[in-house]
Amino acid sequence: MIKEWIVGVAIAVLVFLAVLGYNVLPLFFLAAISVALWYMLDRRGAVSVAPREAMVKHQVSFDQIGGQEHAKRELMEALDFLKYRDRIRSLGIRPLKGILLTGPPGTGKTLMAKAAATYTDSVFLSAAGSEFVEMYVGVGAQRVRELFRRARALAKKEGKDSAIIFIDEIDVLGARRGQHSHQEYDQTLNQLLTEMDGMSTTQTPMVLVMAATNRPDMLDAALLRPGRFDRQIKVDLPDKEGRLHILRIQTQGKPLAADVDLEHIAGETYGFSGAQLESLVNEAAIMALRQNKQEITQEMFRDAVDKVLMGEKTGRKPTPEELQRVAVHELGHAIVSELMRPGTVSHITIAPRGNALGFVRQIPESDRYLYTKEQLEQQINVALAGCLAEELHYGNRSTGAQNDFMQASSLARTMVRCGLSRIGIVDEENLPETVLDTEVRHILSEQEKVTRALLAPYKEDIAAFASHVVEEESVDGDAFRRWLEGVHARKAQPEANAACAAALAPDGGRMVPGTEGLQAGA
Ligand code: ADP
Ligand code: MG
Ligand code: ZN
């Protein structure tokens, strides 16, 4: 407030002097320099020690958090300590001082803390761990003290009897003590522990500290002792149902076209965090705006998934030969993917995005937590199929398969580590690098043979469809499947005729059971 006043008056004086005909240039520079100086000192915390914590203006409730049912329930149970404080006190239960939320970024930890404040009718203050880290010893500790003081003051001012302090990225200041080259971090952490030890149930307003990290293993043990952050709540990536729930929340109030199938999108977005889903919905809406449409369509969602996964379309313009090669490569992935798990190709695209020149998006069957050896091998086959399709068609490979190889090797390494390779169960810690390497290479070369055999029958058919993909830029999974079925039908023709002939033979050639199965699995 005062700052604005000073600035305003100063400008008025300068203008006034200028109007009177004085040379105000030196004065102006002087003012600019002092403002810059003030700003720098302020940034360094020499002028004000208050961390730049933010107050929530709009309230967040648990209903606005999708999925995370388990975490929400656990958190609400813990918060009841704060909500029903009198009962807790009368039973002599130790108050809950800290709750640690752990999990990958963008899963809704900040949202949870805000919802906690709403649920318990507390004031909410937040700060990030990095804000306490300063050049000067003692400033961080002072900021911690200030933060607690502000929380209490704010609660009193707003007439609430509790406050929630949320510290994001607590690993920055709560890493194991003695690890850093200077003492600043240690002092800050000590101050936080001291503040938390000083809190009691009888205190009004009561303060609850919530903190978030995705590296709980990095934290100083002292932080996790009873009486500090003795509740740890895991906030994980959402499963399919959770994703659907989040999509429903994020699309609320947005005009969706009739063809939008949120369930389908939830199925396609395996591994997405809540924040990525939010960005997906936002991107789809931006596409509607750019195309001047009133509604968001399923296709816009599909493109938005590509964008969130692979990045923005790049301006790179591959030559026609390169495009044809990319199409052949991607068709290789798509064919093997479809042979292994029918119905899994969502679409094939050769528009350059991020680092990729093209890609095949697969629909995950369902969320998986366990993989069998066969499933891992199938994924390796899909990864290798790109470069092998190039080899089949052109007789040579290109540099475009680097990522595929990395993925295939990582899958093979997982197989070895999990005891799914020919050397059987291994002790991961004592597994020599050379043995791992040999096994990985063995798996890859075996699967290379399998993949090559899978693709061989399509040698003649790939080229024509690749040209079609180049023309269309993006081909839908259904269109691709129709083409593949056509190819299969044509190939099956001679054999079907042979089978008919056998059935008509006088010695009553019975159908051999499982013939089709064998063919598909070969
Ligand atoms: P974190 O703190 O775990 O990194 P945030 O809480 O900051 O994640 O989430 C960032 C944004 O992502 C939120 O503002 C919200 O729009 C969206 N989001 C994340 N998780 C969820 C969720 N479970 N439900 C609804 N929206 C979510
Ligand atoms: Mg956050
Ligand atoms: Zn590839």
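Ligands are counted one by one from 1 in listed order, and the atoms in each one are counted from 1 as well. What you are looking at is a predicted structure, and each value in this text was computed from that prediction instead of being measured.
- For atom 7 (O) of ligand 1, the nearest protein heavy atom (residue, atom name, distance) is Thr110 OG1, 3.4 Å.
- Glu322 has no carboxylate O lying under 4.0 Å from a charged side-chain N of Arg325, or vice versa, which leaves the two without a salt bridge.
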Query raised in the report: Where do Thr344 and Ser337 land on the side-chain hydrogen bond (donor to acceptor under 3.5 Å, both in side chains) test, with the steps shown first?
Result: CA-CA 7 Å; Thr344 49; Ser337 170; 3.1 Å; yes
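- The shortest side-chain heavy-atom distance between Phe81 and Ile99 does not fall under the 4.5 Å cut-off.
- At least one N/O/S atom of His333, whether from backbone or side chain, sits less than 2.8 Å from the Zn ion (ligand 3).
- The distance from ligand 1 to the heavy atoms of Gly108 drops below 4.0 Å at these ligand atoms: 1 (P), 3 (O), 5 (P), 6 (O), 8 (O), 19 (C), 20 (N).
- No side-chain donor-acceptor contact under 3.5 Å links Glu330 to the backbone of Gly386.
- Looking only at heavy atoms of the protein, atom 19 (C) of ligand 1 is closest to Gly106 O, 3.3 Å.
- Scanning the protein for heavy atoms near atom 12 (O) of ligand 1, the closest one is Ala275 CA, 3.1 Å.
- For the pair Lys114 and Phe166, the cation does not sit on the ring face, since its NZ or CZ is not both under 6.0 Å from the ring centre and inside 45° of the axis.
- Checked against the 6.0 Å centroid threshold, His329 and Phe359 do not count as a close aromatic pair.
- Close contacts between ligand 1 and Gln64 involve ligand atoms 24 (N), 25 (C) [criterion: under 4.0 Å to a heavy atom].
- Between Gln250 and ligand 1, at least one pair of N/O atoms sits closer than 3.5 Å.
- Here is the list of ligand 1 atoms found below 4.0 Å of a heavy atom in Pro105: 4 (O).
- Closest heavy-atom approach to atom 3 (O) of ligand 1 within the set Arg248, Lys109, Glu169, Gln276: this belongs to Lys109.
- At a heavy-atom cutoff of 4.0 Å, ligand 1 is contacted by the side chain of Glu278 but not by its backbone.
- Only the side chain of Ile246 comes within contact range of ligand 1, with a heavy atom under 4.0 Å; no backbone atom does.
- The option from Asn214, Leu247, Leu111 that lies nearest to atom 27 (C) of ligand 1, judged by heavy atoms, is Leu111.
- Electrostatic pairing of Asp478 and Arg481 counts as a salt bridge here, judged by a charged N lying under 4.0 Å from a carboxylate O.
- Look at Arg452 and Glu391 and you find a salt bridge, because one of the NZ, NE, NH1 or NH2 atoms lies within 4.0 Å of a carboxylate O, short of that distance.
- Among protein heavy atoms, atom 18 (N) of ligand 1 sits closest to Gly274 C, 3.6 Å.
- Considering backbone and side-chain atoms together, Ile65 places no N or O closer than 3.5 Å to any N or O of ligand 1.
- Using a cut-off of 2.8 Å, one finds that Asp404 contributes an N/O/S atom close to the Zn ion (ligand 3).
- Electrostatic pairing of Lys373 and Glu446 does not count as a salt bridge here, judged by no charged N lying under 4.0 Å from a carboxylate O.
- Here CG of Asp306 is found 5.0 Å from CZ of Arg361. Values are rounded to the nearest 0.5 Å.
- Atoms of ligand 1 lying under 4.0 Å from any heavy atom of Gly66, numbered from 1 in the order shown and given with element: 22 (C), 23 (N), 24 (N), 25 (C).
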